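No hydrogens, no waters, no symmetry mates; every other heavy atom, side chains included, goes into these values. Note that the structure is predicted; figures quoted are calculated from it, not measured.
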Amino acid sequence: GQSTPALPEPLRSYVNSDFKKIRWKRLGLKVSQHAIETKENSLTTRLLRIPGGTIIPEHSHDGTEMTLVLSGAYSDQTGRYRKGDLQIADKKTRHQPRAELGKDCICLVVTDAPLKFKNFGARIAQPFFGI
């Protein structure tokens, strides 16, 4: 089985939960999220859980996306990111992240603008998931 990663402080305080008790919301493609409320209204903060082998639809950005890997790993056109790595994507970044096989890739993701999906289906679903 997979070991459950521990949430570092101060993230654990924002989630108000032990990792095992987080309420995940399905986004599709087996990807789940947990929205995190912060006092910074201009940012969207969430935990993403991406099963190993899952590919996130290709997208670009209207702003900045910061992704901190808490568990597992993913790769995209810019490189490989594993536990403790931080990827900063901006308006020049177009990528299609893929979670590596094995354990789920769990990331803390902070964005200051919605993503721009290339795929029509992903664009249609986007408002419903707040991504």
Side-chain angles (χ1 to χ4, degrees):
Q2 294 188 25
S3 60
T4 303
L7 287 177
E9 272 300 337
L11 183 56
R12 190 167 44 245
S13 294
Y14 275 99
V15 174
N16 290 324
S17 174
D18 180 305
F19 186 85
K20 294 177 184 175
K21 297 177 186 173
I22 290 176
R23 292 183 177 214
W24 295 98
K25 179 181 176 183
R26 281 296 280 276
L27 292 179
L29 298 173
K30 301 179 186 173
V31 176
S32 301
Q33 76 167 353
H34 175 78
I36 299 173
E37 290 192 31
T38 68
K39 293 177 182 170
E40 183 55 61
N41 293 332
S42 64
L43 300 175
T44 300
T45 305
R46 71 189 82 236
L47 289 172
L48 283 182
R49 183 176 65 193
I50 308 160
T54 301
I55 300 172
I56 301 298
E58 184 178 357
H59 62 276
S60 58
H61 306 272
D62 269 337
T64 303
E65 174 187 69
M66 295 174 283
T67 304
L68 174 65
V69 181
L70 301 174
S71 178
Y74 73 91
S75 298
D76 68 8
Q77 292 85 331
T78 67
R80 180 175 185 255
Y81 302 90
R82 58 182 187 220
K83 184 177 178 178
D85 288 343
L86 175 69
Q87 179 186 30
I88 300 176
D90 61 19
K91 293 179 182 184
K92 294 177 270 181
T93 307
R94 174 177 289 280
H95 62 160
Q96 188 171 24
R98 178 187 192 123
E100 292 187 4
L101 293 173
K103 64 167 76 176
D104 291 351
C105 183
I106 299 172
C107 302
L108 174 65
V109 181
V110 179
T111 54
D112 62 5
L115 306 183
K116 292 169 59 178
F117 286 100
K118 182 177 178 181
N119 176 282
F120 180 73
R123 287 197 314 263
I124 294 296
Q126 189 172 10
F128 298 102
F129 301 120
I131 52 176

- request: Supply the atom-to-atom distance Q96 CD to R94 CZ, rounded to the nearest 0.5 angstrom.
  value: 10.0 Å

message: Nearest 0.5 Å, please: how far is OG in S60 from CD in E58?
response: 8.0 Å

task: Return each pair, listed once, that meets ring-ring contact (aromatic ring centres under 6.0 Å, His included) where at least one residue sits in residues 27-51; pairs must be two or more places apart or across chains.
output: none

task: Would you please name every residue forming a salt bridge (charged side-chain N to carboxylate O under 4.0 Å, His left out) with R80, sequence neighbours left out?
output: E100

- prompt: Which residue pairs pass the ring-ring contact (aromatic ring centres under 6.0 Å, His included) test when at least one of the two sits in residues 78-107, sequence neighbours left out?
  reply: H59-H95, H61-H95, Y74-Y81

task: Decide yes or no on side chain to side chain contact (heavy atoms under 4.5 Å, CB included) for D76 and Q87, but give the supporting numbers first.
output: CA-CA 10 Å; D76 68 8; Q87 179 186 30; 2.8 Å; yes

- prompt: What are the two closest heavy atoms between I36 and L108, and how far apart are they?
  reply: CD1-CD1, 3.9 Å

message: Give me the atom names and distance for the closest heavy-atom approach of D62 to K91.
response: O-CE, 2.8 Å

statement: To the nearest 0.5 Å, atom CG of D112 lies from atom CE of M66 at 7.0 Å

- request: Could you give me the CA-CA distance, side-chain angles and deciding distance for T38 and V110, then say whether side chain to side chain contact (heavy atoms under 4.5 Å, CB included) is met?
  value: CA-CA 11 Å; T38 68; V110 179; over 6 Å; no

message: Taking I55 as the starting point, is it possible to reach V69 by hopping between hydrophobic residues whose side chains are less than 4.5 Å apart?
response: no

message: Please report the interatomic distance CG(L43) to OG1(T64), rounded to the nearest 0.5 Å.
response: 9.5 Å

- request: Kindly give the heavy-atom pair with the smallest separation between K103 and S71, and that separation in Å.
  value: CD-OG, 3.4 Å

field: Nearest heavy atoms of I106 and W24, plus distance in Å
entry: CG2-CH2, 4.4 Å

- prompt: More than 12 heavy atoms of other residues, nucleotides or ligands under 6.0 Å from CD of E37: is that the case?
  reply: no

Spatial distance of atom SG (C107) from atom CD1 (I56) [nearest 0.5 Å]: 9.0 Å

field: Distance, nearest 0.5 Å, that separates CG of D85 from OG1 of T67
entry: 11.0 Å

task: Could you pull out the closest heavy-atom pair between D104 and G52, with the gap in Å?
output: OD1-N, 3.9 Å

- request: Specify the closest pair of heavy atoms between C105 and A99, including all atoms of both residues, with the distance to one decimal.
  value: CB-CB, 3.9 Å

